[in-house]
Amino acid sequence: MIDIVTEYKNNLHKVVLHCLNKKNKYMVHLSEEERLQERAEGKQKGEQKERIKIAKKLLHQNMDIVFISSIIGLSEKEIELLN
């Protein structure tokens, strides 16, 4: 009986993995702590992209780099590189 249950679980695991895309397969093998870390890093990257997008818009409106830096949280050097 135990062998049948184990075999069923293994086959089910294979089927599920087959249906997942590459990123989701990767996430299945991570611990909960690692998954939370991955999500936090993804959120940080998204927030950084949004700050860059806003900084570019402000630059196009001829706003001062020092002002943009103080509002957005990017360094003046980072903002100069966007220009």
Side-chain angles (χ1 to χ4, degrees):
M1 179 75 171
I2 294 175
D3 292 332
I4 293 171
V5 171
T6 302
E7 186 177 338
Y8 176 77
K9 285 181 180 180
N10 288 338
N11 287 337
L12 181 60
H13 185 74
K14 287 177 187 177
V15 168
V16 168
L17 286 177
H18 179 74
C19 294
L20 297 174
N21 64 30
K22 187 176 180 179
K23 182 178 180 182
N24 287 333
K25 284 180 187 177
Y26 170 74
M27 294 298 278
V28 166
H29 293 291
L30 298 177
S31 69
E32 184 62 23
E33 184 178 331
E34 291 168 323
R35 268 196 281 301
L36 291 173
Q37 181 66 32
E38 289 278 330
R39 287 184 186 133
E41 289 171 5
K43 183 178 177 184
Q44 287 175 341
K45 287 179 185 177
E47 290 170 351
Q48 181 72 358
K49 285 182 179 180
E50 187 64 22
R51 283 194 292 273
I52 290 170
K53 181 180 170 182
I54 293 169
K56 285 180 178 180
K57 287 181 180 180
L58 292 172
L59 281 171
H60 284 79
Q61 295 295 321
N62 297 317
M63 298 297 240
D64 182 59
I65 290 176
V66 175
F67 173 76
I68 296 170
S69 176
S70 69
I71 299 299
I72 302 297
L74 297 173
S75 72
E76 292 175 29
K77 195 70 140 177
E78 290 172 309
I79 295 169
E80 287 173 1
L81 293 173
L82 300 174
N83 211 357

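- The two residues K56 and H60 come nearest to each other via the heavy atoms O-ND1, 2.6 Å.
- You'll find the side chain of K57 stays beyond 4.5 Å of the side chain of Q61, heavy atoms only.
- The line from OG of S69 to CD of E80 is 9.5 Å long, rounded to the nearest 0.5 Å.
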>> Walk me through whether I52 and E78 qualify under side-chain contact (heavy atoms from CB on, under 4.5 Å).
In response: CA-CA 9 Å; I52 290 170; E78 290 172 309; over 6 Å; no

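- Side-chain contact between I72 and L58: present, with at least one pair of heavy atoms (C-beta onward) separated by less than 4.5 Å.
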>> Working note: E41 + Q37, criterion side-chain hydrogen bond (donor to acceptor under 3.5 Å, both in side chains); need CA distance, chi angles, decisive distance, verdict.
In response: CA-CA 6 Å; E41 289 171 5; Q37 181 66 32; 2.9 Å; yes

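- In this structure, the separation between CG on L59 and CD1 on I68 is 4.0 Å, given to the nearest 0.5 Å.
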